[in-house]
Amino acid sequence: MIDLVDLANDFEQRYHARPEIFSAPGRVNLIGEHTDYNDGFVLPFAIDKRTYVACKPRKDGVINVHSRTIDESTEFTTGDSKREKGWSLYIRGMAEILKRRGKLFTGADLLIDSDIPFGAGLSSSAALEVSIGLALATMARKDIDLVDLALIGQEVEHEYLGVRSGIMDQFTSALGKADQALLIDCRSLGFQNIPLKLDGLALLVCDSKVEHELASSEYNKRREQCEEGVRLLKDRLPGVRALRDISEEQLEGSKDLLPELIYRRCRHVVTENSRTLESARALGSGDYARLGALMYMSHKSLREDYEVSCDELDLLVDAAAQVEGVIGARMTGGGFGGCTINLLKNGRIEEFRAHIIQRYRDAYGREPEVFTVAPSDGANAHDDIP
């Protein structure tokens with residue numbers, strides 16, 4: 001938990017002004033993995049770990065940034081030709097696209113801090129994009145729609161990071177609600193809030209501490225494979241624009257058109273869309289047992305058909321299934337490392353934590369991080385800092 005008074009005091013010492021503070025959360029996806037860039041359905045929630053931005057406008061057009069999380073600084077003027085690598089690209093990208101859209105006309109001093117683990121698949125990058133975007137637009141005294149803010153964050157991933165990501169991460173960071181999950185239609189951007197009140201239950205994240213180094217290149221490759229599947233299928237299935245338009249029956253009836261690898265990639269997406277919609281219904285009716293079963297099915301599909309899991313994530317899911325009171329478990333995020341999300345009974349948390357840590361230590365000689373998460377609000381301003 002970040003101490004916001006300490007953040008404001010640190011800003012004042014650095015920049016000799018009292019800041020405004022904005023924040024945006026990370027996210028966990030309950031189910032619906034790698035469906036967003038296929039125009040499909042996802043069921044994420046915003047978590048109670050956030051990125052905070054203390055901010056004050058400046059008149060010279062310079063954006064000056066320090067990250068307390070990694071103790072690094074950067075400074076730039078929007079529109080210059082220099083493109084730095086790393087974390088500063090998220091900030092430069094948000095600033096430049098906001099300026100392009102008439103939502104930024106001044107510079108700013110920024111101080112950033114976060115308690116979202118980096119590289120864990122909990123969307124620390126989306127939280128950075130959304131919090132920075134909200135801060136800069138507000139500093140420019142420009143109203144910005146939260147859906148537009150999410151879309152700008154996605155554009156940054158495409159244009160500045162070279163990752164052809166879907167909209168889920170930024171959308172959830174911008175529009176999440178406490179005690180609710182979001183069922184998002186990634187084609188229309190329509191969404192429905194689904195109650196996620198954990199009476200007697202808990203959601204725990206297990207961070208494998210394996211950073212998903214392959215995620216960017218393999219993510220783009222998976223997207224290309226899905227697009228190839230659509231290209232091969234649409235002559236037989238007129239009107240198909242994306243895998244979201246194909247039913248399981250249609251896919252099975254047309255598998256003769258697809259190479260085996262492409263078929264398995266498509267099968268994951270098509271079945272994951274079905275699982276996501278069924279999970280939303282289960283969650284809405286309080287059928288957590290069915291939700292848990294669907295989570296396990298999702299992980300199996302991600303492991304075998306989409307091939308984005310890894311040994312460490314598989315061990316974490318298998319170990320979770322051995323603990324009495326665990327209802328469901330699966331990898332969450334892009335894959336190749338990162339985290340699992342686990343749904344279990346409250347009274348089993350300590351037993352679960354001890355079992356997971358011991359199994360992981362025995363296998364890999366190191367410990368995962370295990371922590372609870374709660375569905376929380378999306379991006380907002382913090383107006384109550386003295």
Side-chain angles (χ1 to χ4, degrees), residues 29-44 121 158 162-169 183-188 212-281 290-291 293-314 317-318 328-338 340:
N29 193 18
L30 271 177
I31 196 166
E33 220 65 77
H34 291 276
T35 52
D36 57 347
Y37 54 82
N38 288 291
D39 283 1
F41 300 92
V42 292
L43 189 63
H158 292 186
V163 179
R164 298 177 65 206
S165 59
I167 192 60
M168 173 179 65
D169 296 352
L183 175 64
I184 306 169
D185 179 334
C186 295
R187 171 175 286 168
S188 70
H212 38 95
E213 296 176 0
L214 294 173
S216 294
S217 60
E218 291 295 328
Y219 194 106
N220 290 342
K221 186 183 295 185
R222 294 301 184 279
R223 184 164 184 161
E224 291 166 2
Q225 291 165 342
C226 291
E227 290 169 351
E228 175 67 4
V230 171
R231 187 187 69 79
L232 293 170
L233 290 167
K234 64 182 180 182
D235 285 344
R236 184 177 293 179
L237 302 172
V240 167
R241 293 163 48 197
L243 289 177
R244 111 61 144 325
D245 300 315
I246 299 172
S247 69
E248 294 179 49
E249 293 75 18
Q250 287 174 320
L251 179 63
E252 291 304 312
S254 301
K255 65 183 294 186
D256 59 296
L257 299 176
L258 303 175
E260 174 63 21
L261 179 65
I262 300 298
Y263 164 69
R264 288 193 289 110
R265 301 296 190 251
C266 294
R267 181 170 62 183
H268 165 71
V269 175
V270 170
T271 57
E272 186 79 346
N273 274 322
S274 297
R275 284 188 290 269
T276 302
L277 292 173
E278 186 178 352
S279 294
R281 292 191 292 270
R290 183 56 184 163
L291 173 62
L294 291 161
M295 291 169 68
Y296 283 125
M297 292 165 62
S298 172
H299 185 81
K300 183 175 186 291
S301 180
L302 288 159
R303 182 182 69 231
E304 297 177 3
D305 277 351
Y306 222 61
E307 296 181 286
V308 292
S309 188
C310 63
D311 291 344
E312 291 87 349
L313 292 174
D314 294 341
V317 171
D318 291 343
R330 62 183 290 276
M331 59 157 275
T332 186
F336 305 103
T340 63

Find the distance between [atom1] ([X]) and [atom2] ([Y]) and round it off to the nearest 0.5 Å.
{"X": "Arg330", "Y": "Leu30", "atom1": "CZ", "atom2": "CG", "answer": "8.0 Å"}
{"X": "Thr35", "Y": "Tyr306", "atom1": "OG1", "atom2": "OH", "answer": "9.0 Å"}
{"X": "Ile262", "Y": "Leu257", "atom1": "CD1", "atom2": "CG", "answer": "12.5 Å"}
{"X": "Asp169", "Y": "Asn29", "atom1": "CG", "atom2": "CG", "answer": "8.0 Å"}

Does [Y] offer a backbone N or O that forms a donor-acceptor pair with the side chain of [X] under 3.5 Å?
{"X": "Asn273", "Y": "Phe41", "answer": "yes"}
{"X": "Asp245", "Y": "Val230", "answer": "no"}
{"X": "Arg222", "Y": "Glu307", "answer": "yes"}
{"X": "Thr276", "Y": "Leu43", "answer": "no"}
{"X": "Glu272", "Y": "Glu33", "answer": "yes"}

Shortest non-hydrogen contact from [X] toward [Y]:
{"X": "Leu258", "Y": "Gly229", "answer": "CD2-O, 4.0 Å"}
{"X": "Leu243", "Y": "Cys266", "answer": "CD2-SG, 3.7 Å"}
{"X": "Val270", "Y": "Ser247", "answer": "CG1-C, 3.7 Å"}
{"X": "Val269", "Y": "Cys226", "answer": "CG2-SG, 3.9 Å"}

Are [X] and [Y] ion-paired here, with the side-chain N under 4.0 Å from a carboxylate O?
{"X": "Arg223", "Y": "Glu227", "result": "yes"}
{"X": "Glu278", "Y": "Arg275", "result": "no"}
{"X": "Lys221", "Y": "Glu224", "result": "no"}

**Sequence-distant partners of Glu304, salt bridge (Lys or Arg N to Asp or Glu O under 4.0 Å), two or more places apart** =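 Glu304 satisfies salt bridge (Lys or Arg N to Asp or Glu O under 4.0 Å) with Lys300 only.
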**Request:** Keeping to residues at least two apart or across chains, list the side chain to side chain donor-acceptor pair (under 3.5 Å) pairs with something in residues 234-244.
**Result:**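 The answer is Asp185-Arg244, Arg236-Asp256.
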**Request:** Please test Val240 against Leu233 for side-chain contact (heavy atoms from CB on, under 4.5 Å), starting from the C-alpha separation and ending with a verdict.
**Result:** CA-CA 8 Å; Val240 167; Leu233 290 167; 5.6 Å; no
**Message:** Ring-plane angle category for His34 and His268, please: parallel below 30°, perpendicular beyond 60°, tilted otherwise.
**Reply:** perpendicular
